[in-house]
Amino acid sequence: MKVLFASSEVWPLIKTGGLGDVAYSLPHALQQQGMAVRIVLPAYQAVLKKLKSFEILGWLALSVAGKEYSVRILQTQHDKFSLPLWLVDCPALFDRAGNPYAHEEGYDWFDNSERFTLFSLAVARLGMDDLKINWKPDVVHTNDWQTGLVSAFLDQEADRPKRIFTIHNLAYGGYFPQQEFQRLQLPSQWWSSEGVEFYGNLSMIKAGIVYSDQVTTVSPSYAKEICTSEFGYGLAGVLQHRRYKLTGILNGIDPEAWNPQTDPLLPYHYSAKRRNPGKKKNKQALLESNKVEATKENLEAPLLGMVSRLVEQKGVDMIIEAIPQLLATSTANFFFIGTGHPHIEGQLLKLSQQHPQRIMVSIEYSEAKAHLLEAGCDLFMMPSRFEPCGLNQLYSLRYGTLPIVHRTGGLADTVIDAQFEDEKNKRINADATGFVFDIATASEFSTTVHRALAIFEQKKLWNQLQRTAMQQNFSWDKSALEYIQLYS
Ligand code: ADP
Ligand code: GLC
C-alpha cells in the first residue's frame with residue numbers, strides 16, 4: 001500500500017511540538033510494517049539549510065488567490081530518514097527565517113492562509129500523481145489544520161486516494177475570515193455549514209474533518225472528549241455527527257531517539273535495571289547547566305521538571321500559583337524549559353530571580369536540554385488542561401522521571417496513578433507509573449505533588465514505580481497497525 005503523509009513539521013528538520021515528532025516516527029513505523037511511504041513537507045528555509053542534496057521530481061503549476069505559482073517538488077534523502085522525503089518548494093511563501101507559522105519575532109505570518117492553501121493544493125496534486133512519476137498513493141494521510149484543505153481539494157476528483165485526517169490539537173483550527181476565503185478563490189460550493197464554513201469564518205480543520213474518509217485523533221480519551229462542548233472548540237456537533245468515522249489511536253514514541261541507554265544527547269546513560277549512578281549524574285549535569293551547585297543536599301532534594309510550550313493548554317499557570325506554597329512546605333526544586341506567551345515566560349523568570357537556587361528557568365528551545373531534563377529530574381509536571389496525547393509524559397516514563405498529570409486526554413490513557421493499597425502506606429498498586437489528579441486547579445496539583453514527594457521518601461516504593469514506568473511499551477508497533485487497519 002502506498003501512503004503519502006503530509007505534515008507542516010517533521011523532526012529533526014523542523015519542529016515546534018509533538019506533531020513534528022509524530023510526523024517522523026509514525027511514517028517510519030508504517031514503513032516497517034511494509035507500507036511504501038513518502039513524507040511531504042513545505043521547503044522552509046530552515047529545512048533547506050539542513051539538507052545536502054535534492055533531486056527535482058517535477059514542477060506543479062498551482063493557482064492560489066489569483067496568483068500562478070510554479071512550484072518545484074524536491075525529493076531528498078537525510079541520514080535520519082529511511083524513506084523519501086518530498087518538499088514543496090515555493091520560495092515566495094516558504095523561504096523565510098522563523099518557524100513554520102510565525103516570524104522570528106513571534107507574530108504569525110500574515111499570509112498563513114495562502115501558504116497552507118498552496119501546500120494543501122500541492123499535496124492533493126501529488127496525491128493524484130500530477131507529476132506523472134507513476135507513484136499514486138492509495139492513502140493520503142494529513143495532519144492538523146495546515147493540511148485540512150487537502151481532503152477538500154481531493155473531493156473534486158473521482159479517482160482519488162482515500163483520505164485520512166489526524167487531529168493533533170483541536171485548539172488550532174486554521175480560522176480565517178470569509179473575505180480571505182474569497183481572496184483565496186476557493187470553490188464557492190465549499191462555503192456551507194456542511195463544508196468549510198464555521199460561524200461565518202473559514203475553518204481549515206473543519207475541512208479536514210468534513211471531507212476526509214476517516215478522522216483520527218491521537219488518543220482514545222481525546223476522541224471522546226472532542227465530541228463534548230467542553231473540549232470541542234465549537235466543533236463537537238460536527239464531530240458527533242461523524243462519530244462513525246472518528247477513531248482515537250494513541251501516539252507512540254521513537255524508541256531510538258528517546259532511549260536512556262543510548263540517547264546521544266545525554267552525558268550519562270542508564271537503564272530500567274541500573275538507574276544509578278547514571279540518572280543522578282544527569283541531575284548533576286542539569287543543575288550545573290543552570291549554574292546551580294550540585295551539592296549533596298541539592299542532589300538528594302526532589303527535582304521537578306517541565307519542558308513545554310508555555311501556553312494556557314499546558315497549565316503552567318497552575319504550577320506558578322502553587323510554587324510559593326510548595327517552596328515553603330517541601331525541599332523540592334524546579335526546572336523549566338520552554339518558550340511561549342511572554343507573560344508566562346516573565347512570571348517564570350521572576351520566580352527564578354527570587355529563588356535562584358530552587359527554581360531554574362531556561363527560556364529557549366533546546367533539544368539537548370530537553371533530553372537532559374527528562375533524564376536528570378525525579379518528577380515531570382504536566383498539569384495540562386487538555387492534552388490530545390502528549391509525548392513528554394511518555395518520554396518521562398521511559399526515563400524513570402515520574403509524571404504528575406491531570407486526568408485528561410492522552411495523559412489519562414498513559415499514566416496510572418499510584419495508590420496506597422494498605423493502611424500502613426507500605427504498598428502501592430503494582431501497575432502504578434505516576435501521579436494523576438482529577439481537577440485542574442493549583443491546589444489539586446499541589447496536593448498531588450505532596451503525595452508524590454511522600455512516596456519519593458520511601459525508596460522501595462519509588463524504585464518500584466520507576467521500574468514499572470521504564471518498562472512500559474509505548475512503541476508504535478500496535479498503533480501503526482491500527483492506522484493500517486483504517487487505511488485498508
Ligand atoms: P505539544 O505537541 O502539545 O507541544 P507534546 O508533549 O506532544 O506537546 O510534544 C512536545 C514536544 O516538543 C516534545 O518532544 C518536547 O520535548 C518538545 N518541546 C517543547 N518545548 C520544548 C523546548 N522548549 N525545547 C525543546 N523541546 C521542546
Ligand atoms: C499536539 C498535542 C499533543 C500531541 C501532539 C502530537 O501538539 O497538543 O498532545 O501529543 O500534537 O500528536
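Each ligand, and each atom within it, is numbered from 1 in the order the structure gives.
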Hey, are [Y] and [X] close enough side-chain-wise for a donor-acceptor pair under 3.5 Å?
X	Y	answer
Asp21	Tyr395	yes
Asp144	Gln146	no
Thr166	Thr216	yes
Asp413	Ser221	yes

Within reach of ligand 2, part of Asn251 (heavy-atom separation under 4.0 Å) =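 Answer for Asn251: side chain.
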So is there a nitrogen or oxygen of [X] less than 3.5 Å from a nitrogen or oxygen in ligand 2?
X	value
Gly390	yes
Asn169	yes
Val218	no

Atoms in ligand 1 with a heavy atom of [X] nearer than 4.0 Å:
X	answer
Arg309	1 (P), 3 (O), 4 (O), 20 (N)
Gly390	6 (O), 7 (O)
Asp21	13 (C), 14 (O)

Between Leu391, Ile337, Ile253, flag the one that comes closest to atom 7 (O) of ligand 1 by a heavy atom.
-> Leu391
Just heavy atoms, cut-off under 4.0 Å: does [X] contact ligand 1 by side chain, backbone, both, or neither?
X	answer
Pro388	neither
His168	neither
Gln393	neither
Ser366	backbone

With Trp86, the side-chain contact (heavy atoms from CB on, under 4.5 Å) member among Leu126, Thr76, Ile39, Val123 = Leu126
For Lys314, is at least one N or O under 3.5 Å away from an N or O on ligand 1?
->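 Indeed, backbone or side chain, Lys314 has an N or O that close.
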Examine Asn392 against ligand 1 and note whether any of their N/O atoms are separated by less than 3.5 Å.
-> yes
Report yes or no: does Gln472 contribute a side-chain atom to a donor-acceptor pair with the main-chain N or O of Thr468 at less than 3.5 Å?
-> yes
Protein residue, atom and distance nearest to atom 1 (C) of ligand 2, heavy-atom basis = His168 O, 3.2 Å
